[in-house]
2 protein chains.
Amino acid sequence: MRTKSTRTTSRAATRKSVSKSASKSVSRTAPQARAAARAPLPVNTIINGDSIEELAKLPDASVDLVFADPPYNLQLEGELLRPNNTRVDGVDQEWDQFASFAEYDKFTRAWLAEAHRVLKPTGTLWVIGSYHNIFRVGVALQDLGFWVLNDIVWRKSNPMPNFRGRRFTNAHETMIWASKDRNAKGYTFNYDAMKALNDDLQMRSDWVLPICSGGERLKDDQGNKAHPTQKPESLLHRVILASSNPGDVVLDPFFGTGTTGAVAKKLNRKYVGIERDAQYAEVARKRIDRISHADPESLEVTQGKRAQPRVPFGTLVERGMIEPGTVLYGPGKRFKAKVRADGSLVVTGASGSIHKIGAHVQGQEACNGWTFWHLKTDAGLTPIDVLRQQVRAEGSV
Amino acid sequence: MRTKSTRTTSRAATRKSVSKSASKSVSRTAPQARAAARAPLPVNTIINGDSIEELAKLPDASVDLVFADPPYNLQLEGELLRPNNTRVDGVDQEWDQFASFAEYDKFTRAWLAEAHRVLKPTGTLWVIGSYHNIFRVGVALQDLGFWVLNDIVWRKSNPMPNFRGRRFTNAHETMIWASKDRNAKGYTFNYDAMKALNDDLQMRSDWVLPICSGGERLKDDQGNKAHPTQKPESLLHRVILASSNPGDVVLDPFFGTGTTGAVAKKLNRKYVGIERDAQYAEVARKRIDRISHADPESLEVTQGKRAQPRVPFGTLVERGMIEPGTVLYGPGKRFKAKVRADGSLVVTGASGSIHKIGAHVQGQEACNGWTFWHLKTDAGLTPIDVLRQQVRAEGSV
DNA sequence: CTGACATATGAATCGTGGC
DNA sequence: AGCCACGATTCATATGTCA
């Protein structure tokens, strides 16, 4: 099984390259020096090591999707925890607080910078957090050049109630979804699949899903939960389905017990997980080994018109489906135009594509000529889009 | 009227008393110099001036509650057309323009520092924003020593859709609720009032409320909206009811058309508003003048029992109740279809929702997929509607 | 007066690919 | 890299119009 290959094995294969990079610490001040030595992406692998160090070893622009569930920097009664779970102990609490935030910011910027480097230009990143850390994460990623596409609220249908009655029940967590930069084009968003998931209404930025419990919750031998913050697979299902395609590589730098890898495998995506805790990594490995891929057909997803092949209007004329000289009508016969042999339309004073002339006669900026123009038939007006669908159905494009 | 009293008149009245507290200022830029001149808080007043400058003139520790709806720094480019080619009227006002994140951060820290100074030790602060600005606001207030109590999600029941199908519908905004510092004791949280508002269940951190429209939306003489981002009174009603008591002073440094003041007056709180735009301030003044204190209809109407919550079929797939690839059967096994990962069904030659495909295979116009499609179990065929009822019973929608 | 139908609009960071 | 053609894309409400 793929999932058995470990970082160690793949490292052995390229020992030389790795030993070089190992000597360099995580500094972001010149990762270029290391780049030549980076091994190819170890796919369907759980890397047991520190997130920042191990991210630094991955090649540039190699990953389609990052999902990250970093430490939340929870500041509980009487103690402050560093990202590495050591306690901050100081005398002055205000100083503690500042030190804690500053350290957390430093940690956050370090792993986000590596995640940015590792992402393909068309890749996107998800980070989940709560009010303890999500603002710091958001600022860090904006400052690093990521461009926020949405913030998504996971509304927990069964949150833990507030016991003291001094605050509102904390019933949600927040995810940030971001592209690599402001002008990033071509990122994956399976709009129509999301719409299908939501009874043919656009998927909104607030998702109602139950927390991970019951049989899905991994337990250790004593029956205690194996990980304190295991995320529900339903959440990852939606994230991965929305923003990746089968065969894509999904990276999770805080792998925990491997929910990201489990769902990625179920959905025929590849995964790379980084986890510092060997015990979590082992639980994750076993979990993922038990999972089988789905059959490819059921992983096909509702496609919109964008995914369909383009058919130039001229094709219909060339193939004799529309004769030169045919008159096309706008809705309700309020407009007419004549088809020319090259697939352009003429009206008095103008000629051009079906779209341009459609816009022109209506005095508008833009127009979809396929749905605007109609043929007169015995049964009334038929949109020319029907002919396009015929061509596509013939598979001749 | 109260709202006519100006900054100048109220300052003259009590110059002396303020000079004592002046030496204690928190701010980092040194507004101490001005402090000696601070007049008592001008209550039930709209101050027409710059937020930061006018905040600096208010006395220390004099306010019970701050509600702030600062500029979001939207960074819109070009125009956006709806599918029907009508133009979306975006926020292009000068007051929402900032040169960079750094400029926005500077602005944010300046007004938040003054808000911190002006708050009583038991006071709390609310800020509302979207993903464009809320992370910057959150970091700034954490760095200034505010202690986050909750982040509250306003889930809009009727948001504007995403017109290009490139992102999730941006269907919520975020509010941060914070106390003055980590150890602040005795802040107001009307737990039982919130519980009563929520059918005797603890009020959660996600609130479903409609946007401000219809008769509540203020219009100018031409019938255009008086302010591009007017907030619904229901939102302020819940905020003010939760975190203040009658007689308390509520300060809004970005008063706009005065929703905060209007609701404060209805609920017998005092208000102080700061608004730079004289026209907005004038609209707000007239609006608040029309309101009488004892207005009995200030009771929330948005709660009430909801209809049966909608459960998309895709939910069952996401939650693992139905695996992608599962075969569903029509009554008597006369029809079959396969479930895909996005909750759509496939039969040979077609795919779509459970309803659409149910209709398709029968050659009918419409079909209730919930009762038509069945799962094969040991006991025979079970309608998928049973699973929907299960989801509803769990209350997890 | 009522119901059916049409129109208007809201804090919006809203394309892609070929030449 | 820049330009430009192609052509895809909306939900919940409130209000207006007409029969």
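Given the structure is predicted, the values throughout are model-derived calculations rather than measurements. Numbers restart at 1 for each chain; the letters A, B, ... are given by sequence-line order, proteins then strands.
Look at dT13(C): its glycosidic torsion is within 90° of 0, and that puts it in the syn range.
No donor-acceptor contact under 3.5 Å links the side chain of K156(B) to the base of dA11(C). With hydrogens and angles left out, the side chain of D69(B) and the base of dA11(C) share a donor-acceptor pair within 3.5 Å. A donor and an acceptor atom sit less than 3.5 Å apart, one in the side chain of R167(B) and one in the base of dT13(C).
For N158(B) and dC11(D), the shortest distance from a side-chain N or O to OP1 or OP2 is not below 4.0 Å. Here H355(A) reaches the OP1 or OP2 of dG7(D): one of its side-chain N or O atoms lies under 4.0 Å away. Proximity of R164(B) to the phosphate of dA8(D): no side-chain N or O atom is located under 4.0 Å from OP1 or OP2. Note on S353(A): a side-chain N or O is less than 4.0 Å away from OP1 or OP2 of dC6(D). Between Y191(A) and dT10(D) there is a side-chain N or O to OP1 or OP2 distance below 4.0 Å. For dA11(C), one of the phosphate oxygens OP1 or OP2 lies less than 4.0 angstrom from a side-chain nitrogen or oxygen of R217(B).
Among the nucleotides dG7(D), dA11(C), dC11(D), the one closest to any side-chain atom of P161(B) is dC11(D). Taking only side-chain atoms of R166(B), from C-beta outward, the nucleotide of dA5(D), dC14(C), dT13(C) with the closest atom is dC14(C). The side chain of K305(A) approaches dA8(D) more closely than any other nucleotide in the set dA8(D), dG7(D), dA11(C). Here the nucleotide nearest the side chain of K231(B), chosen from dA11(C), dC6(D), dT13(C), is dA11(C).
If you check every strand for non-hydrogen atoms under 4.0 Å, L149(A) touches nothing. As judged by a 4.0 angstrom heavy-atom cut-off over every strand, K195(A) is placed among residues touching the sugar-phosphate backbone only. Residue contacts for R388(A): at a heavy-atom cut-off of 4.0 Å it reaches the sugar-phosphate backbone alone, with no base atom in range. Among the protein residues, G78(B) comes within range of the nucleic acid bases, having at least one heavy atom under 4.0 Å from a base atom. Using a 4.0 Å heavy-atom criterion, one finds that N162(B) contacts the bases of the nucleic acid, with or without backbone contacts as well. Using a 4.0 Å heavy-atom distance criterion, G215(B) is classed as a sugar-phosphate-only contact. Here G129(B) lies out of heavy-atom contact (under 4.0 Å) with every strand. In this structure, S157(B) reaches the sugar-phosphate backbone alone: every heavy-atom distance under 4.0 Å involves primed, P, OP1 or OP2 atoms, never a base. Contact annotation for S130(B): no contact, since no heavy-atom pair falls under 4.0 Å across all strands. At a threshold of 4.0 angstrom between heavy atoms, the contacts of G90(B) include nucleobase atoms, whether or not backbone atoms are also involved. Looking at heavy-atom distances under 4.0 Å, P70(B) makes contact with a base. Looking at heavy-atom distances under 4.0 Å, T371(A) makes no contact with the nucleic acid at all. Note on C212(B): nothing from the nucleic acid sits closer than 4.0 angstrom, heavy atoms only. If you check every strand for non-hydrogen atoms under 4.0 Å, P312(A) touches nothing.
Between K231(B) and E216(B) there is no salt bridge, since none of the side-chain N atoms of the basic residue sits less than 4.0 Å from a carboxylate O of the acidic one. Between D192(A) and K195(A) there is no salt bridge, since none of the side-chain N atoms of the basic residue sits less than 4.0 Å from a carboxylate O of the acidic one. The pair D143(A)-R136(B) meets the salt-bridge criterion, since a charged nitrogen lies less than 4.0 angstrom from a carboxylate oxygen. By the 4.0 Å N-to-carboxylate-O rule, R155(A) lies too far from D206(A) to be salt-bridged with it. Ion pairing of D220(B) with K225(B) is absent here, as no side-chain N (NZ or NE/NH1/NH2) approaches a carboxylate O to less than 4.0 Å. Ion pairing between R182(A) and E77(B) holds under the 4.0 Å rule for side-chain N and carboxylate O.
Map L201(A) and S213(B) each onto its nearest nucleotide of DNA chain D; the residue landing nearer the 5' end is L201(A). Take the nearest nucleotide of DNA chain C for H227(B) and for K185(A): the residue whose nucleotide is more 5' is H227(B).
Between the OH atom in Y271(B) and the CZ atom in F255(B) there is a gap of 6.0 Å [rounded to 0.5 Å]. Summarising the geometry, atom CD belonging to E173(B) is positioned 9.0 Å from atom CG belonging to N133(B); distances are rounded to the nearest 0.5 Å.
The CG-P distance, from N183(A) to dT13(C), rounds to 16 Å in whole Å. Rounded to whole Å, atom C1' of dA11(C) lies 14 Å from atom CE of M175(B). Atoms CD (Q93(B)) and P (dG10(C)) sit 11 Å apart, rounded to a whole Å. If you take CG of L209(B) and P of dT13(D), they are 12 Å apart, rounded to a whole angstrom. Rounded to whole angstrom, the span from the CG atom of N133(B) across to the P atom of dA12(C) amounts to 13 Å. dG7(D) atom P lies 18 Å from atom CD of E365(A), rounded to whole Å. Between R182(A) atom CZ and dA12(C) atom P the separation is 16 Å, expressed in whole Å. What separates CG of N73(B) from P of dA11(C) is a distance of 18 Å, to the nearest Å.
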Identify each atom pair where a protein N or O and an N or O of nucleotides 1-9 of chain C are less than 3.5 Å apart, giving names and distance.
none

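A distance cut-off of 5.5 Å between ring centres, combined with a plane angle under 30°, leaves F163(B) outside any stacking arrangement with the base of dT10(D).
dT16(C) and dA1(D) are spaced 16 Å apart, taking the C1' atom of each and rounding to whole Å. Remark: the separation of the C1' atoms in dC1(C) and dC18(D) is 13 Å, to the nearest Å. Taking atom P on both dT9(D) and dG17(C), the two are 14 Å apart, rounded to the nearest angstrom. For dG7(D) and dC14(C), the C1' atoms lie 15 Å apart once the distance is rounded to whole Å. The P atoms of dG18(C) and dA8(D) are separated by 16 Å, rounded to the nearest whole Å. Taking the C1' atoms as reference points, dT10(D) lies 12 Å from dT9(C), given to the whole Å.
In this structure dG2(D) sits in a base pair with dC19(C), meeting the Watson-Crick or G-U test at under 3.5 Å. Pairing of dA11(C), defined by two Watson-Crick or G-U wobble distances under 3.5 Å, is not identified with any nucleotide. Pair assignment for dT9(D): none, as no Watson-Crick or G-U wobble contacts are both less than 3.5 Å.
Closest approach of P312(B) and N198(A) over heavy atoms only: CG-OD1, 3.5 Å. The heavy-atom pair separating T174(A) from H172(A) by the smallest distance is OG1-CD2, 3.8 Å.
Between F107(B) and N73(B), every side-chain heavy-atom pair lies at or beyond the 4.5 Å cut-off.
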- Task: Evaluate side chain to side chain donor-acceptor pair (under 3.5 Å) for S130(B) paired with H132(B), printing each intermediate quantity in order.
- Result: CA-CA 5 Å; S130(B) 65; H132(B) 309 85; 2.6 Å; yes
